[in-house]
Amino acid sequence: MAEIISGKVVSAQVRKRVADETAKLKEKGITPGLAVIIVGDDPASQVYVKNKEKACDEVGFYSEKYALPADTTQEELNALVKQLNEKKEINGILCQLPLPSHLDDKEVINLIAPIKDVDAFHPENVGAIMIGDYHFLPCTPAGVMELIHSTGVSVEGKKAVVIGRSNIVGKPMAMLLLHENATVEITHSKTQNLSEITSGADILVAAIGKAKFVKSDMVKEGAVVIDVGMNRDENGKLCGDVDYDDVFDKCGYITPVPGGVGPMTISMLMQNTLTAAKIQNGID
Ligand code: GUN
């Protein structure tokens, strides 16, 4: 039977750490500031952005929200990013994705000053992660690493398998595991003999976006199973990429959905914004 890894508990610990450090920074007259840009009225994005603002309040940050209409032009969006790049009170900039289809997210990401890129999506930050010399870790993979650490299971020398190869999760996830000396395999929709590979994993990270895709025959006995998925099942109920009930008795540790990776992502964003504020104020 598995031990449940609670994202709620671990994310509260991260937020407490960030809040404590923020209080100390404020004594020096520094308040970390985050700007969040949202374009259009996608309901899921609205919820994410609201939660980000709430988290900023909770840890003591200054925050600004820019809610732009769906017909915002690329020029208008670019101009806002450039303005925020120069704004002293703002240490971190996040442009909520996806953008409406007439806007180019790559163009926006490339415009954000790398030192304010708290998503770690800018190519300069992606490259920094590749060579292991970074300021910011992408929020979801960084949150996954915190969850793995919370189990006390050492990553070093373990076989880690990542299902999914997205730029936001799968690829950087593999890098972070590699930095901690795991032997890492990235799998994806074209991988042959997937079950054979995943069932050898001591650490399995599922980030493919397919509801309840990972079954018990794909999991090694006692494995650490991290579920990055956020899907709806046949009854419209929120579920992950892992078939939780099927896998629960076989693995050693498992993250639930909701309440696993989800709460971690915003906490790691807070962590990155704090780091950005420290660097921009010459504090290590
Ligand atoms: N949309 C969904 N997740 C994210 C995220 O982590 N960052 C941004 N910018 N947009 C998102």
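We count ligands from 1, going down the list as the structure has it; atoms in each ligand are counted the same way.
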As an exercise, state the distance from [atom1] of [X] to [atom2] of [Y], rounded to the nearest 0.5 Å.
X	Y	atom1	atom2	value
E185	K159	CD	NZ	5.0 Å
I129	F136	CD1	CZ	10.0 Å
N85	K87	CG	NZ	12.5 Å

- Item | Which of the ligand 1 atoms, numbered from 1, are nearer than 4.0 Å to a heavy atom of C95 |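 So the atoms of ligand 1 that pass are 8 (C), 9 (N).
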
Numbered in order shown, the ligand 1 atoms found under 4.0 Å of a heavy atom of L94 are 9 (N)

- Test item: H135 side-chain N/O and A120 main-chain N/O as donor-acceptor pair under 3.5 Å: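 Between the backbone of A120 and the side chain of H135 there is no qualifying donor-acceptor contact (under 3.5 Å).
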
I163-V257 co-clustered via ILVMFWY side chain contacts under 4.5 Å: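 No, I163 does not connect to V257 through the hydrophobic network.
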
task: Kindly confirm or rule out an N or O of D119 lying under 3.5 angstrom from an N or O of ligand 1.
output: yes

Atom 10 (N) of ligand 1: closest protein heavy atom, distance to 0.1 Å, is L97 N, 3.0 Å

the protein heavy atom lying closest to atom 4 (C) of ligand 1 turns out to be Q96 NE2, 4.2 Å

